[in-house]
Amino acid sequence: MVDIEAVVARLLCEAVGVTAYIEVPAKPADEYVSVEQTGGGDSIFDPVSLSVDCVAGLPRDGGRKRAKAISRAVQAAVADLDEVECIYNPSVDAVYRQNDPDTGRSRYVVDCSMFVCE
């Protein structure tokens with residue numbers, strides 16, 4: 001079975017140029033993306049839903065604009081995920097701003113979906 005979170009995290013790390021996590025550590029990088037499967041994937045006919053958090057510094061330090069820039073790079077990279085043999089029809093479903101409630105850091109969330117076939 002394909003670990004779609006790990007595959008997408010690796011590809012986004014390469015494409016966007018920031019650290020990518022599946023599980024965010026206690027002391028994460030200053031800028032990062034985290035990838036979490038939020039649904040789907042029970043069969044090849046059930047699209048996988050992923051949530052990609054794009055995190056940067058505090059809003060007062062310009063973090064909001066940087067988080068937005070990271071989210072735009074993620075959105076562009078999602079379109080190229082179909083270059084991976086097992087990923088089909090990747091799309092961005094929603095993008096919204098929601099600061100991290102624990103740290104106050106700027107965060108944009110990119111919700112995307114794709115079909116995964118092994």
Side-chain angles (χ1 to χ4, degrees):
M1 178 130 225
V2 173
D3 183 347
I4 194 64
E5 292 173 323
V7 169
V8 171
R10 180 180 51 79
L11 294 170
L12 290 179
C13 179
E14 293 169 4
V16 178
V18 297
T19 302
Y21 300 113
I22 297 171
E23 297 291 335
V24 180
K27 294 187 179 191
D30 291 337
E31 298 179 348
Y32 65 89
V33 297
S34 67
V35 179
E36 179 181 1
Q37 184 173 348
T38 56
D42 293 330
S43 75
I44 62 170
F45 304 108
D46 184 21
V48 171
S49 297
L50 297 175
S51 182
V52 181
D53 291 352
C54 306
V55 181
L58 294 171
R60 69 175 176 264
D61 299 329
R64 184 185 61 79
K65 288 184 179 181
R66 182 62 187 137
K68 185 175 185 177
I70 294 169
S71 77
R72 287 190 172 157
V74 166
Q75 291 172 66
V78 166
D80 293 333
L81 290 176
D82 63 357
E83 293 178 6
V84 177
E85 187 174 299
C86 63
I87 297 176
Y88 300 90
N89 198 32
S91 64
V92 173
D93 301 325
V95 180
Y96 55 94
R97 182 175 155 243
Q98 182 182 50
N99 289 348
D100 185 294
D102 297 324
T103 64
R105 294 174 75 182
S106 298
R107 175 177 68 179
Y108 275 75
V109 180
V110 178
D111 289 331
C112 56
S113 61
M114 62 205 66
F115 289 93
V116 178
C117 180
E118 296 184 54

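Keep in mind the model is a prediction, meaning the values are calculated, not measured.
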Can you find a pair of side-chain heavy atoms, one from M114 and one from I4, that are under 4.5 Å apart? yes

With a 4.5 Å limit on heavy-atom distance, are the side chains of N99 and P59 in contact? yes

Would you check if the side chain of Q37 reaches a backbone N or O of E5 as a donor-acceptor pair within less than 3.5 Å? no

Between the side chain of R107 and the main-chain N/O of Q98, is any donor-acceptor distance below 3.5 Å? yes

Shared hydrophobic cluster, [X] / [Y] (ILVMFWY, side-chain heavy atoms < 4.5 Å):
X: V109; Y: V8; answer: no
X: V78; Y: V7; answer: yes
X: V18; Y: V110; answer: yes
X: V74; Y: L81; answer: yes
X: V24; Y: V35; answer: no

Heavy-atom closest pair, residues [X] and [Y]:
X: D111; Y: S51; result: OD1-OG, 3.3 Å
X: P90; Y: A79; result: CG-O, 4.1 Å
X: A67; Y: C54; result: CB-O, 3.7 Å
X: P28; Y: P25; result: CD-O, 3.4 Å
X: G41; Y: V48; result: CA-CG2, 3.6 Å

Roughly how far, to the nearest 0.5 Å, is the [atom2] atom of [Y] from the [atom1] atom of [X]?
X: D53; Y: I70; atom1: CG; atom2: CD1; result: 11.5 Å
X: R97; Y: K68; atom1: CZ; atom2: NZ; result: 9.5 Å
X: S106; Y: L58; atom1: OG; atom2: CG; result: 7.0 Å
X: I87; Y: F115; atom1: CD1; atom2: CZ; result: 13.0 Å
X: S91; Y: D82; atom1: OG; atom2: CG; result: 10.5 Å
X: K65; Y: Y108; atom1: NZ; atom2: OH; result: 10.0 Å

Around [X], counting heavy atoms of other residues, nucleotides and ligands shown, do more than 12 lie under 6.0 Å from its [atom1]?
X: E23; atom1: CD; result: no
X: D30; atom1: CG; result: no
X: R72; atom1: CZ; result: no

For S49, what residues pass the side chain to side chain contact (heavy atoms under 4.5 Å, CB included) criterion, not counting sequence neighbours? T38

For A29, check side chain to side chain contact (heavy atoms under 4.5 Å, CB included) against everything at least two apart and list the hits. T19, Y21

Would you please test R105 and D100 for salt bridge (charged side-chain N to carboxylate O under 4.0 Å, His left out) and show each step? CA-CA 5 Å; R105 294 174 75 182; D100 185 294; over 6 Å; no

